[in-house]
Q: 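Sharing a structure below in structure tokens format, with a few things to ask.
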Amino acid sequence: MMSRLMVLGSGGREHAIIWSLSRENRGHELYCAPGNPGTALLGANLPVDLSDAASVLALCREHNIDAVIVGPEAPLVNGLVDDLTAAGQSVLGPTKSAARLEGSKLYAREFMAAAGIPHPRYHACHTIDEARTAAEQEGLPVVLKADGLAAGKGVVIATTGAELEQALQRFYITRDFGAAGSSLSIEQCLTGTEMSIFALCDGENYTVLGTAQDYKRAFDGDRGPNTGGMGAISPSPLATPEMMNQIDALVLKPTMAELKKRGIVYRGFLYIGVMLVKGIPYVIEYNVRLGDPETQVVLPLIDMPLSELVDSALAGQLPPAVALKPLSSICVVMAVKGYPEGYKKGLPITGFDDIIDGDTHLHAGTRMTGSGLVSAGGRVLNIIATGSSLSVARKQVYERIGAVKFPGSFYRTDIGI
Ligand code: AMP
Ligand code: GLY
């Protein structure tokens, strides 16, 4: 059925969502707010500040939007879904109270403890002295995690006393993370292999949409600072049927039961990061949305129209499972030198302006100017490939990436190895 759909956000994730919807060829009218030059090729971009619920609602009314899909976490944590729902707008995304699973790391840990979900030992700390005492009790290495949203930068793994002291100074003295870092979860540092699970929830039921492995560090060999993500592959090589059964029994089912117990109706995407320690999936974090760039690899493998999934989630009638294509997908992020710290913007991009195939190329931080496409963020472009195996997809993606250029670009050469 044709719908008027509006996706909120402006990154590669949102371009991937709009691309998937456009590929259905059902004549949907697509809108992206605020969108990027990639989404502008597939629908109408509507400039808006996502922290301003009244403006988002006005756009929905003006364009008669049937359903809104929220991309990023900040508007969810700020309660945008509550405001839109109260005004009668159909919207896919968790409410403010449900979004605390991502918005407060301490709430998430308390939730996992109450639900009996495997998680690292943690201490809730609100002052520098509490944090120092907890870290000393835990021993090195120790994880310091800002309670609030910190754009993927709020986690420090201190391996020496000096690193611990420096991190404490950043949280409590120079206040690098502002209010988000004034409370901390001081955690046992687990060692294991990580994977991400993506589910969709309809308030009652959930369906697993796929799995991914992401590459958080900036440089090859998992070196350099943590970033929002430099690449991803799907499915995760760790996602065996046995492990997925474990994750279902130890993580997903207890999460849903605990939500219900707390009277929280969760409707939207749920992305869970787990670390496997001796075969047990420990939850590292909940995210109340899809990942970026994980969405770019998860959506191409779903063998069902995305709009049908959205409709069924909104109607509380999710299918128990979705079929996945027996393929592998890969995404490599092209970023600007200096990312994730300081970097230049406005760099001219060549070899990309005429490419409109979202199966192979997606925009992230780009901007269209009178003289062509330029960079507008740290993560600029996503190059994608899907193949019969990871090695086939990997070969293709690195062939594709060679054609696209901008000054000071860099990307990891070891995604999918
Ligand atoms: P997060 O933002 O919570 O996903 O944390 C970023 C990264 O820090 C994770 O992907 C893990 O690699 C690492 N991390 C977070 N918490 C822990 C922990 N308790 N033990 C070990 N590594 C962790
Ligand atoms: N790529 C990590 C995230 O979206 O949180």
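Whatever order the structure lists ligands and atoms in, that order sets their numbers, starting from 1.
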Q: Would you please determine whether Gly273 falls within less than 4.0 Å of ligand 1 on a heavy-atom basis?
A: no

Q: Nearest heavy-atom pair of Cys32 and Glu14: which atoms, and what distance?
A: SG-CB, 4.3 Å

Q: Looking only at non-hydrogen atoms, find the nearest pair between Pro281 and Val251 and report the distance.
A: O-CG2, 4.0 Å

Q: Do the side-chain N and O atoms of Tyr286 and Thr255 include a donor-acceptor pair separated by under 3.5 angstrom?
A: yes

Q: Closer than 4.0 angstrom, basic N to acidic O: yes or no for Arg132 and Glu136?
A: no

Q: Regarding ligand 1, does Arg109 bring an N or O atom to under 3.5 Å of one of the ligand's N or O atoms?
A: no

Q: Tell me, which protein residue and heavy-atom name are nearest atom 18 (C) of ligand 1, and how many Å apart are they?
A: Val143 CG2, 3.5 Å

Q: Please report whether the ring centroid of Phe177 lies less than 6.0 Å from that of Phe171.
A: yes

Q: Pull out every atom of ligand 1 sitting under 4.0 Å from any heavy atom of Pro120, numbered as shown with elements.
A: 19 (N)

Q: Closest non-hydrogen protein atom to atom 1 (P) of ligand 1, residue and atom name please, with distance?
A: Glu285 OE1, 3.3 Å

Q: So which heavy atom in the protein is nearest atom 14 (N) of ligand 1, and how far is it from that ligand atom?
A: Ile284 CG2, 4.1 Å

Q: If the cut-off is 4.0 Å to any non-hydrogen atom of Lys145, which atoms of ligand 1 fall inside it?
A: 3 (O), 15 (C), 16 (N)

Q: Can a donor-acceptor pair be found between the side chains of His126 and Ser183 at a distance below 3.5 Å?
A: yes

Q: Name the closest protein heavy atom to atom 13 (C) of ligand 1, giving the residue it belongs to and the distance to 0.1 Å.
A: Ile157 CD1, 4.1 Å

Q: Can you report which non-hydrogen protein atom sits closest to atom 8 (O) of ligand 1, along with the distance?
A: Val155 CG1, 3.7 Å

Q: What residue and heavy atom of the protein are closest to atom 7 (C) of ligand 1, and at what distance?
A: Lys216 CD, 4.4 Å

Q: Given Leu8, which partner from the list Ile17, Leu80, Leu76, Leu46 fulfils the side-chain contact (heavy atoms from CB on, under 4.5 Å) test?
A: Leu80

Q: Are Arg109 and Glu187 within salt-bridge range, i.e. N to O under 4.0 Å?
A: yes

Q: Would Arg412 and Asp222 count as a salt bridge (charged side-chain N to carboxylate O under 4.0 Å, His left out) if you check the C-alpha gap in whole Å, the side-chain angles of each, and the deciding distance to 0.1 Å?
A: CA-CA 9 Å; Arg412 281 184 59 161; Asp222 283 334; 3.1 Å; yes

Q: Decide whether an N or O pair under 3.5 Å exists between Asn226 and ligand 1.
A: no

Q: Gly79 and Lys96: which non-hydrogen atoms are nearest, and at how many Å?
A: CA-CB, 3.7 Å

Q: Does any N or O in the side chain of Asp214 come within less than 3.5 Å of the main-chain N or O of Ala232, such that one atom is a donor and the other an acceptor?
A: no

Q: Can you pull out the closest protein heavy atom to atom 22 (N) of ligand 1? Residue, atom name and distance to 0.1 Å, please.
A: Met275 CE, 3.8 Å

Q: Using a strict cut-off of 4.0 Å, indicate which atoms of ligand 1 neighbour a heavy atom of Gln188.
A: 18 (C), 19 (N), 20 (N)

Q: Please determine, by modelled atom types, if Asp129 and Tyr172 share a side-chain donor-acceptor pair under 3.5 angstrom.
A: no

Q: Can you tell me if Asn36 and Ser10 form a side-chain donor-acceptor pair at under 3.5 Å?
A: no

Q: Indicate yes or no: does Arg13 engage Glu294 in a salt bridge with an N to O separation below 4.0 Å.
A: no

Q: How far is atom 10 (O) of ligand 1 from its nearest protein heavy atom, and which residue and atom name does that atom have?
A: Glu194 OE1, 2.7 Å

Q: Listing by chain and number, which residues have a heavy atom under 4.0 Å from ligand 2?
A: Gly228, Tyr271, Arg289, Gly291, Asp292, Pro293, Glu294

Q: With the threshold set at under 4.0 angstrom, would you say Lys105 reaches ligand 1 through any of its heavy atoms?
A: no

Q: Can you list the ligand 1 atoms lying under 4.0 Å from a non-hydrogen atom of Cys189?
A: 20 (N), 21 (C)

Q: With respect to Leu190, determine whether any N or O atom, backbone or side chain, lies less than 3.5 Å from an N or O atom of ligand 1.
A: yes

